[in-house]
Undergrad: 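Quick one: the structure is below, and I'll ask about it shortly.
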Amino acid sequence: MREHVYDVFARKNRGDPLAHVGYVDALDDETARVYAWKTYDEENWFEMCVVRRSAIIPVNRDDGPFAGGRSEEP
Amino acid sequence: MTQFTDEELKEKVQGGYIVESVDEMTDGYRKALVVQLTVQADTELMSAPAYWMAARHAPSTNTQVSAHAIIQDELAHANIAYRLLEDLGESKEHLVYGRQPHEFKHPYGFDQPLENWAELVVANGFFDRAGITLLSDVYQNTSYGPLKRALVKVDMEETFHLRHGEVWMRRLAKAGGEAREMLQRAVDWMFPMTVEWFGLPDSMKRHSGQLAYRLKGLTNDQLRQVWMSSTVPLCEQLELNAPAHWDPVKEEYVLDYPFPCRYDEAAKRWLFEEGEISWDDVFERWKARGPMNETYVESVQRSRREVARWLQEEAAA
Ligand SMILES: [Fe+2]
Ligand SMILES: [Fe+2]
């Protein structure tokens with residue numbers, strides 16, 4: 001049961017910027033969607049999406065919060 | 001990446017520097033943050049079984065829903081805090097499922113049984129208020145960026161838990177009779193329980209890394225005062241007896257009982273008449289944990305082991 005880290009992005013209203021609101025561990029994309037929706041339910045989000053951390057490619061720093069994902073095998 | 005010495009990092013964070021990754025931390029900073037987050041995560045996690053077992057006393061389907069919504073929030077808060085710990089190199093799996101009940105770091109208050117609706121709503125009114133008091137201070141002052149961001153959600157939801165507690169405390173107080181009696185009885189043991197939760201008085205407190213690393217902003221006594229500054233007026237407004245009052249000369253809330261003092265777990269009663277005890281006695285009681293410690297931890301861990309065993313059997317077959 002190997003879980004992956006998924007980062008959660010959401011915007012509250014139309015026109016708002018998409019913001020990083022947190023992250024969840026999940027077995028696959030489907031459970032990640034459910035965990036994200038249920039865990040970060042503090043707002044009535046206009047839009048929410050998740051992305052597997054290993055898919056994020058850091059551009060200018062290798063020690064930022066999103067850098068850890070690259071070491072995870074796909 | 002520039003590596004700071006401990007002294008340099010302390011100076012930087014006091015000046016407003018925000019730490020974003022583990023690479024920037026000194027060993028001391030990381031350790032202090034792990035201790036803080038472990039207490040936070042364990043408190044959120046253990047509030048869930050405590051509230052869950054109390055939720056069966058909910059008086060209607062609507063209140064069942066609100067009680068379970070609070071439990072769901074607490075589990076999400078716990079998950080978020082353990083996830084932050086994982087980023088610091090700790091194992092969530094071990095922290096949640098690998099520890100013995102007495103190794104958890106939540107306050108003694110969440111080792112107590114909540115046995116009726118009055119106790120659940122006073123827990124929301126008092127314990128969740130303590131949670132907000134502690135976490136708002138962390139939110140306003142922490143030098144750790146990922147924690148500050150995570151607390152936006154937590155603060156928002158804790159405010160709902162507190163409102164739930166206050167609304168229901170008001171309702172029970174107004175009803176009078178047995179409702180008010182049960183409410184007062186809950187206040188009698190839960191008020192001193194929460195006061196004690198904030199820990200050693202500043203006059204006895206050993207040097208705290210959490211303040212030096214700017215992981216929090218207020219001292220134990222200051223936090224205790226913040227909690228009392230909203231809880232005592234609430235009780236006064238509801239005409240409930242709370243053993244503390246405002247002292248206009250000292251300009252602070254003062255307790256009307258020997259602090260700290262002994263607690264009779266079975267009778268749910270503070271033994272004011274036996275006088276003040278030492279903080280070593282309190283630490284001993286905390287270390288022994290309270291009556292529901294094993295039951296609560298077991299309820300969180302049990303199925304994990306069982307299902308893991310099924311899956312292993314399946315893999316072996
Ligand atoms: Fe919480
Ligand atoms: Fe809460």
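Chain naming here is simple, since letters A, B, ... match the order of the sequence lines and numbering starts at 1 in each. All figures in this text were calculated on a predicted structure; none of them were measured in a lab.
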Undergrad: Among M156(B), E20(B), R149(B), which residue forms the greatest number of heavy-atom pairs with chain A at distances under 4.5 Å?
TA: M156(B)
Undergrad: Tell me, do V5(A) and E86(B) make a side-chain contact under 4.5 Å, heavy atoms counted?
TA: no
Undergrad: Please look at E157(B) and chain A and tell me whether the side chain, the backbone, both or neither of the residue comes under 4.5 angstrom of a heavy atom of that chain.
TA: side chain
Undergrad: Would you say K148(B) has more than 12 foreign heavy atoms packed within less than 6.0 Å of its NZ?
TA: yes
Undergrad: Step through the shown structure and confirm whether more than 12 heavy atoms of other residues, nucleotides or ligands are within 6.0 Å of CH2 on W45(A).
TA: yes
Undergrad: If you round to the nearest 0.5 Å, how far is CD of Q72(B) from CG of D41(A)?
TA: 5.0 Å
Undergrad: Side chain, backbone, both or neither: which part of Y35(A) has an atom under 4.5 Å from a heavy atom of chain B?
TA: neither
Undergrad: Is any side-chain heavy atom of V152(B) less than 4.5 Å from a side-chain heavy atom of E42(A)?
TA: no
Undergrad: If you draw a 6.0 Å radius around CD in E314(B), do more than 12 non-hydrogen atoms from other residues or ligands fall strictly inside?
TA: no
Undergrad: Could you tell me whether E8(B) atom CD has more than 12 heavy atoms of other residues or ligands within 6.0 Å of it?
TA: yes
Undergrad: Please determine, by modelled atom types, if Y82(B) and D25(A) share a side-chain donor-acceptor pair under 3.5 angstrom.
TA: no
Undergrad: Are more than 12 heavy atoms from other residues, nucleotides or ligands located less than 6.0 Å from atom CG of N13(A)?
TA: yes
Undergrad: Once you round to the nearest 0.5 Å, how far does CD of E3(A) lie from NZ of K92(B)?
TA: 5.5 Å
Undergrad: Hey, is CZ on R30(B) packed in by over 12 heavy atoms from elsewhere, all under 6.0 Å?
TA: yes
Undergrad: Which distance, rounded to the nearest 0.5 Å, do you find between the OH of Y23(A) and the CG of L84(B)?
TA: 4.5 Å
